[in-house]
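Reading through the structure tokens given below for one structure.
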Amino acid sequence: MVLAKTRFNRLLFLSQRSPFTTTSTMTIATATAHFATRTLPAYNVELTFSSTLDDGAFSATGSDTQWIAECCKELRRNRCVGLPTETVYGLAANALDAEAVSAIYAAKARPSDNPLIVHVSSMRMLRALYYLPPASSGATPPFLGTANAGPEGAGAGLAEPVAVASAMADAEARDREQGGDGVWPEIPRAYHAVIRRFWPGPLTLVLPRPACVPLAVLGGHGDTVAFRFPAHPVARAAISACGLPLAAPSANASGRPSPTAAAHVMHDLSGRLPLIVDAGACDVGVESTVLDAYSATAHVDGELAPCILRPGGVTYEDLRALGGMWQRLRVYRRDFTSAALELAPTTPGMKYRHYAPTAPVHVFVPGPQSEAISARMQAQIDTLALKGVRKVGVVAVAVAAAAGDDVPAPAFVAPAGCELIVHCVGGARELAHSIFALLRELDEIEHVEAILVQGVVDANEGLAVMNRLTKAASHHVLC
């Protein structure tokens, strides 16, 4: 037996070029259009926004700005574009057009009853949606999110509809007359403190469905839409440039690990979309938290009891720290379940198996004997080797003994005839940041036959990590 080599790459995103060029009816479409997929860089660009929340106007300087006009052109033609966000890369298309939304489902081979999240670049854009009629086929899409005229390429003379701006002003006035503050009257008050604290950012909110959002975005059912305001400047600029809200699930083939680098998108979806914008690795590494403080699911015995439907970049502890009603915050599947939600989910990530590489994943869940977790993992390695497995990937979590100490190498031993590829991360936050990239590297680059992952306690960032690992894994071992 030989000692396995442990790799201490703290960030293992594949930033280099890819080595691979309910009550509703569920269908799975596949992409028919074929594109010569291009990648445009967005590294050397400075984006300045006129407002943190309320307006989407921005300016761009630097040598990498071509992607702005190209995104605008493709998105307003109802095509899909791969865009970076702070969570993962998204497959974005016009959220107001049913055909554009269908193209997302087809490109990913995504089940049609799995809802999408709609992304906006300003509160002005989100509010405007509540004053638009249902989109008609072939109609020129509106330009939303700023009072300024649309940029060149969005359409000659295109600007936010005057009637929309007037309707928003009237709603503000009515709200003040009724004793309110006139701020975002279209948005349920329960969300206002959350928006001010966490938007833009990795938080998705379940809101009433605007009439202009086609039912396909909702997975064919329901009366709510999940909205997010991304913090990544490239994503926000792309939305603002085209003047449209964008439906954008993760830009991976359905069921695969989420993409945290442009190379991951190219690997899964090359030929299925015309353009990918490459801005490097994503900061957060797991998808957004989905929060419901509006629907019937968020009420218990007539009282508002908000719930996290999908853990993500904003933690349970972050939200509870807001105090008040947020002390009643619940987590789906940990604190309650709902058969109705399982059949007709209001948000992605609730119904289908996700995040799985080709190689089977064994997750080791911390329990009463968690101090022996490395021994349990070693025993599983030995068992796999006896069964003829010749290459195993391991993701281990090691915490330094004291601040500033080096992370100790896990003492895994490779059985005779079995190669181990071991990656070590320094805790739950780093695991969240790198888990999807690690799964992809072990599966797509190293071509391991099995992957063992050391789990973490499901608190803070660990809650989102274990949510993803539970869905990715085919084997669960309680330690």
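Everything quoted here is computed from the prediction, not taken from an experiment.
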(request) Determine the sole option in I451, L452, V448, L442 for which the side chain to side chain contact (heavy atoms under 4.5 Å, CB included) test with V392 is passed. (result) L452

(message) Determine whether F436 and N252 satisfy the following criterion, side-chain contact (heavy atoms from CB on, under 4.5 Å), listing intermediate values before the conclusion.
(response) CA-CA 11 Å; F436 288 139; N252 57 317; over 6 Å; no

(request) Enter the distance from S474:OG to H362:NE2 here, rounded to the nearest 0.5 Å. (result) 5.5 Å

(message) Measuring only between side-chain heavy atoms, which start at C-beta, is T315 closer than 4.5 Å to T289?
(response) no

(request) Look up atom NE2 in H423 and atom CG in L439, then write down how far apart they are to the nearest 0.5 Å. (result) 10.0 Å

(message) I need the minimum non-hydrogen distance between A428 and V465, along with the two atoms involved.
(response) O-CG2, 3.9 Å

(request) Output yes when E342 and R333 qualify as a salt bridge under the 4.0 Å nitrogen-oxygen rule, no when they do not. (result) yes

(request) Could you check if a side-chain atom of R390 sits within less than 4.5 angstrom of a side-chain atom of E419, using non-hydrogen atoms only? (result) no

(message) So F229 and M125, do their side chains get closer than 4.5 Å, heavy atoms only?
(response) no

(request) Answer yes or no: is there an ion pair linking K387 with E449, defined by an N-O contact shorter than 4.0 Å? (result) no

(request) Taking Y294 for its side chain and T224 for its backbone only, find out whether a donor-acceptor pair lies under 3.5 Å. (result) no

(message) Give me the atom names and distance for the closest heavy-atom approach of A238 to L75.
(response) O-CD1, 4.4 Å

(message) Let me confirm one number: the OG1-CG distance from T61 to N44, rounded to the nearest 0.5 Å.
(response) 8.5 Å

(request) Say whether, by atom type as modelled, one donor and one acceptor occur between the side chain of N467 and the main chain of L463 under 3.5 angstrom. (result) no

(message) Could you check whether any side-chain N or O of D268 sits under 3.5 Å from a backbone N or O of A253, counting only pairs where one atom can act as donor and the other as acceptor?
(response) yes

(request) Answer yes or no: is there a donor N or O on one side and an acceptor on the other, between the side chain of R209 and the main chain of G222, under 3.5 Å? (result) no

(request) Indicate yes or no: at least one non-hydrogen side-chain atom of I276 is less than 4.5 angstrom from one of T37. (result) yes

(message) For the backbone of D278 and the side chain of Y89, can you confirm whether one donor and one acceptor N or O come within less than 3.5 Å of each other?
(response) no

(message) Taking L269's backbone N and O only, do any of them form a donor-acceptor pair with K108's side chain (distance below 3.5 Å, no angle check)?
(response) no

(request) List the atom of A432, the atom of V286, and the distance in Å for their closest heavy-atom pair. (result) O-CG1, 3.5 Å

(message) Could you measure the distance from the CD1 atom of I117 to the CZ atom of F227? Nearest 0.5 Å is fine.
(response) 11.0 Å

(request) Kindly indicate, with the supporting measurements, whether the criterion side-chain contact (heavy atoms from CB on, under 4.5 Å) is fulfilled by R110 and L91. (result) CA-CA 12 Å; R110 180 185 180 95; L91 181 65; over 6 Å; no

(message) Would the distance check show the side chain of D443 and the main-chain N or O of T358 forming a donor-acceptor pair, the cut-off being under 3.5 Å?
(response) yes

(request) Taking the six-membered ring of Y316 (Phe, Tyr or Trp), confirm whether the NZ or CZ of R334 is under 6.0 Å from its centre and within 45° of its axis. (result) yes

(request) First locate atom CG of L322, then atom CZ of R196, and finally report the distance between them rounded to the nearest 0.5 Å. (result) 12.0 Å

(message) Given L291, which partner from the list T204, L319, V314, V206 fulfils the side chain to side chain contact (heavy atoms under 4.5 Å, CB included) test?
(response) L319

(message) Please check this pair: side chain of H221 against backbone of P345, looking for a donor-acceptor N/O pair closer than 3.5 Å.
(response) yes

(request) Begin from the C-alpha positions of I308 and L329 and carry the test side-chain contact (heavy atoms from CB on, under 4.5 Å) through to its verdict. (result) CA-CA 7 Å; I308 292 175; L329 183 65; 3.9 Å; yes

(message) Any side-chain to backbone donor/acceptor pair from Y191 onto A293? Under 3.5 Å, distance only.
(response) yes

(message) Do E86 and C282 make a side-chain contact, defined as non-hydrogen atoms from C-beta onward lying under 4.5 Å apart?
(response) no

(message) Do R236 and F49 form a cation-pi contact, if we require the NZ or CZ to be under 6.0 Å from the six-membered ring centre and within 45 degrees of the ring's axis?
(response) yes

(message) On the six-membered ring of F364, is R376 placed so that its NZ or CZ lies under 6.0 angstrom from the centre and within 45° of the ring axis?
(response) no

(message) Return the CD1 to CG distance between I195 and L205, rounded to the nearest 0.5 Å.
(response) 5.5 Å

(message) Any salt bridge linking R228 with E287? Criterion: basic side-chain nitrogen under 4.0 Å from a carboxylate oxygen.
(response) no

(request) Grab the two heavy atoms, one from S121 and one from S240, that are nearest each other, plus how far apart they are. (result) OG-OG, 2.8 Å

(request) List the atom of H447, the atom of K391, and the distance in Å for their closest heavy-atom pair. (result) O-CD, 4.1 Å

(request) Please tell me if the side chains of C242 and C71 come closer than 4.5 Å, counting only heavy atoms from C-beta onward. (result) no

(request) Using a strict 4.0 Å threshold on nitrogen-to-oxygen distance, state whether R320 and E317 make a salt bridge. (result) no

(message) Taking the side chain as everything from C-beta on, heavy atoms only, tell me whether V81 gets closer than 4.5 Å to W67.
(response) no

(request) List the atom of S254, the atom of P111, and the distance in Å for their closest heavy-atom pair. (result) OG-CD, 3.6 Å

(request) List the steps and the verdict of side-chain contact (heavy atoms from CB on, under 4.5 Å) for E99 and N94. (result) CA-CA 9 Å; E99 289 187 7; N94 178 8; over 6 Å; no

(message) Quick check on R429: does its CZ atom have over 12 non-hydrogen neighbours (other residues, nucleotides or ligands) under 6.0 Å away?
(response) no

(message) Before you tell me yes or no, could you show the steps for R310 and S288 under side chain to side chain donor-acceptor pair (under 3.5 Å), namely the whole-Å CA-CA distance, both residues' side-chain angles and the distance that decides it to 0.1 Å?
(response) CA-CA 8 Å; R310 181 183 72 183; S288 63; 3.1 Å; yes

(message) Would the distance check show the side chain of Q454 and the main-chain N or O of V397 forming a donor-acceptor pair, the cut-off being under 3.5 Å?
(response) yes

(request) State, with a plain yes or no, whether a side-chain heavy atom of L341 is found less than 4.5 Å away from one of L309. (result) yes

